[in-house]
Amino acid sequence: MITLNLKYIKMMAQKIRVRFAPSPTGPLHIGGVRTALFNYLFAKHNGGDFLLRIEDTDQTRYVPGAEAYIMEALEWCGIKIDEGPLERGPHAPYRQSERKELYSAYAQQLIDSGHAYYAFDTAEELDALRTRAESVGETFTYSNSTRAGLNNSLSLSKCDCEKLLTSGAPHVVRFKMPENLIVEEVDLIRGHVQFNTDQLDDKVLFKSDGMPTYHLANVVDDHLMEITHVIRGEEWLPSVPLHILLYRAFGWEKSMPQFSHLPLILKPVGKGKLSKRDGDQMGFPVFPLAWKDPETGDVSRGYREDGYLPDGFINMLSMLGWNPGTEQEIFSMDQLINSFSLERVGKSGSRFDPEKTKWYNHQYLIRHSDEELAGLFLPYLEAKGVNVPFPLVVRVTGLVKERCHFVNEIWDQGFFFFRAPETYDEKIISKRWKDGVPEMMAEIAEFFNTLENWNAPEIKEPFSQFVTEKGWNFGTIMNSLRLCLVGGSYGPDIFDICEIIGLTETISRIESALRRLGRV
RNA sequence: GGUCUGUUCAUCUAAGGGUUAGGAUUCAAGAUUUUCAUUCUUGCCAUAGGGGUUCGAAUCCCCUACAGACUACCA
């Protein structure tokens with residue numbers, strides 16, 4: 001009985017728990033989505049929990065709507081949150097601004113134990129020191145080598161310090177970085193990494209506005225929320241020693257989470273990490289959902305609005321930095337969960353390839369059922385003012401989806417099922433519309449009128465016979481007829497088009513082409 | 001500048017001391033489609049450079065180059 005209980009407790013203690021901890025400073029970038037995804041996949045592969053924690057400790061950077069955006073984006077991607085601001089959970093609240101009161105006690109604990117100290121230097125003073133150092137080609141750091149000459153509880157007398165504190169002088173709490181200490185980490189992605197604390201500075205843990213910085217809040221919350229694995233972007237690697245030292249200072253080293261640092265997502269061309277501008281310049285979204293900047297009113301496009309399917313989008317992201325070690329490329333979310341492991345995450349940054357994204361979307365488009373796609377296409381159709389029976393939309397979708405990359409392209413590839421062409425492709429006109437073609441088209445219209453049954457096979461056969469009897473060139477006829485019906489040289493089988501738009505419309509399109517293109 | 005991390009076809013990547021360095025995307029050619037797209041076939045294309053270690057190196061070590069991240073009272 002007792003052993004069973006212990007076993008149970010141990011199991012509970014070992015339950016994998018990860019968190020995605022964005023700051024609500026704007027829309028989620030695809031790099032952020034991938035971080036969330038890898039956290040989610042890792043958690044679910046191991047039967048663990050995925051938490052969402054909102055890191056809104058910087059009040060100056062808070063952007064209204066960003067938090068809701070993050071949640072909506074994760075939902076669209078199919079990433080399900082086990083604990084979070086909306087889902088609640090045993091460690092609520094999940095918004096750091098709502099946990100504000102909690103952190104000062106931890107900061108105090110560090111001061112009491114000598115791991116941290118008060119600093120009274122103003123931002124202006126520090127800025128001045130930085131620019132002065134820069135002017136002589138050096139870098140100012142608030143560290144072991146400089147702290148004695150600055151305004152803090154280590155340099156000031158106890159009495160002076162207390163006076164300042166009781167007078168309410170603005171101050172921050174800084175971590176007292178130990179001297180010449182090697183801090184080692186075994187990163188699940190990068191392997192063994194080590195740092196010397198002499199190269200590190202005394203980071204601010206608690207700001208003068210009463211809010212903790214990322215470093216303090218992050219460590220405290222990860223501990224309190226029983227996070228077992230921290231999976232985050234590579235940009236955090238340099239702060240690993242600080243975080244490890246914080247766990248030690250709190251006496252939490254035994255339960256410290258394991259770290260994994262994901263490689264960056266790079267620009268498709270040129271140098272640097274992927275940014276919003278790359279998307280604008282090259283014509284692809286960098287955000288999962290469209291985003292309207294509440295200040296400027298600028299709208300950034302989103303994968304969802306651009307007609308990407310969430311599972312294809314997720315599949316594409318999963319392959320950026322991770323691979324299964326097999327030649328399989330198409331993965332459903334469940335398959336990803338099944339195959340995912342941090343060991344197979346690469347160390348080097350991946351260039352983002354918009355072409356591959358399109359390819360993935362095409363793969364998913366042809367795999368989705370016609371009904372489902374037609375449902376997704378319906379809003380686009382409505383926007384065009386087209387109102388037709390759903391089964392027709394389904395049929396058209398099935399006919400054109402193979403030639404589409406995106407849901408919205410169903411319109412480009414199949415608008416002529418719903419509406420007569422308004423323009424005719426100039427190139428095709430000059431290539432096909434000559435030498436008595438208009439007369440042939442007129443004869444074909446008459447011929448169509450003689451047919452008894454109007455369906456693709458029963459149009460095709462007599463039509464072929466008719467053309468053969470006339471001794472006309474098939475290529476010319478088929479392409480010219482296509483020009484009349486769709487306005488160009490594309491689209492599915494011509495007889496399917498005839499059947500679907502109907503006899504009357506077919507005749508009418510031939511007539512209007514004759515009228516508008518003339519008899520040459 | 002300093003610290004840390006990385007570097008295999010144009011791109012995403014496989015190969016963890018022994019393979020003609022494999023796959024996918026893009027691109028090109030051909031076939032199919034009386035159109036376009038799809039599909040199929042074929043082709044092009046890579047171990048950053050230099051030193052070691054070893055019978056043997058993409059793989060281990062060193063140097064160089066290049067790239068990136070960090071170096072805020074931002075996360």
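Order of the sequence lines fixes the chain letters, A, B, ..., with proteins taken first and strands second; residue numbering starts at 1 for each chain.
For B:A72, its base never sits under 3.5 Å from the side chain of A:Lys203 at any donor and acceptor pair. Looking at A:Thr139, its side chain comes within 3.5 Å of the base of B:G1 through a donor and an acceptor atom.
The shortest distance between the side-chain N/O atoms of A:Arg34 and the OP1/OP2 oxygens of B:C12 is not below 4.0 Å. For A:Arg61 and B:A75, the shortest distance from a side-chain N or O to OP1 or OP2 is not below 4.0 Å. One finds no side-chain N or O of A:Thr326 lying less than 4.0 angstrom from the OP1 or OP2 phosphate oxygen of B:A14. Checking the phosphate oxygens (OP1, OP2) of B:A75, a side-chain nitrogen or oxygen of A:Thr57 falls inside 4.0 Å. Side-chain N/O atoms of A:Arg482 include none lying less than 4.0 angstrom from OP1 or OP2 on B:C36. Taking side-chain N and O atoms only, A:Lys271 has a distance below 4.0 Å to OP1 or OP2 of B:A67. The phosphate of B:A75 (OP1 or OP2) has a side-chain N or O of A:Lys207 nearer than 4.0 angstrom.
The residue A:Phe352 sits apart from the nucleic acid: no heavy atom pair falls under 4.0 Å.
Among residues two or more places apart in sequence or in another chain, the salt bridge (charged side-chain N to carboxylate O under 4.0 Å, His left out) test is passed with A:Glu55 by A:Arg53.
Classified by interplanar angle (parallel below 30°, tilted 30° to 60°, perpendicular above 60°), the ring pair A:Phe331/A:Trp322 is perpendicular. Relative orientation of the A:Phe415 and A:Trp411 rings is tilted, given thresholds of 30° and 60° on the angle between their planes.
For the P atoms, the distance linking B:U26 with B:U3 amounts to 43 Å, nearest Å.
In this structure, A:Tyr142 and A:Asp121 have side chains that are in contact, with non-hydrogen atoms separated by less than 4.5 Å.
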**Request:** Report, as a single string ordered 5' to 3', how protein heavy atoms within less than 4.0 Å touch nucleotides 41-49 of chain B: B base, S sugar-phosphate only, - not at all.
**Result:** ---------

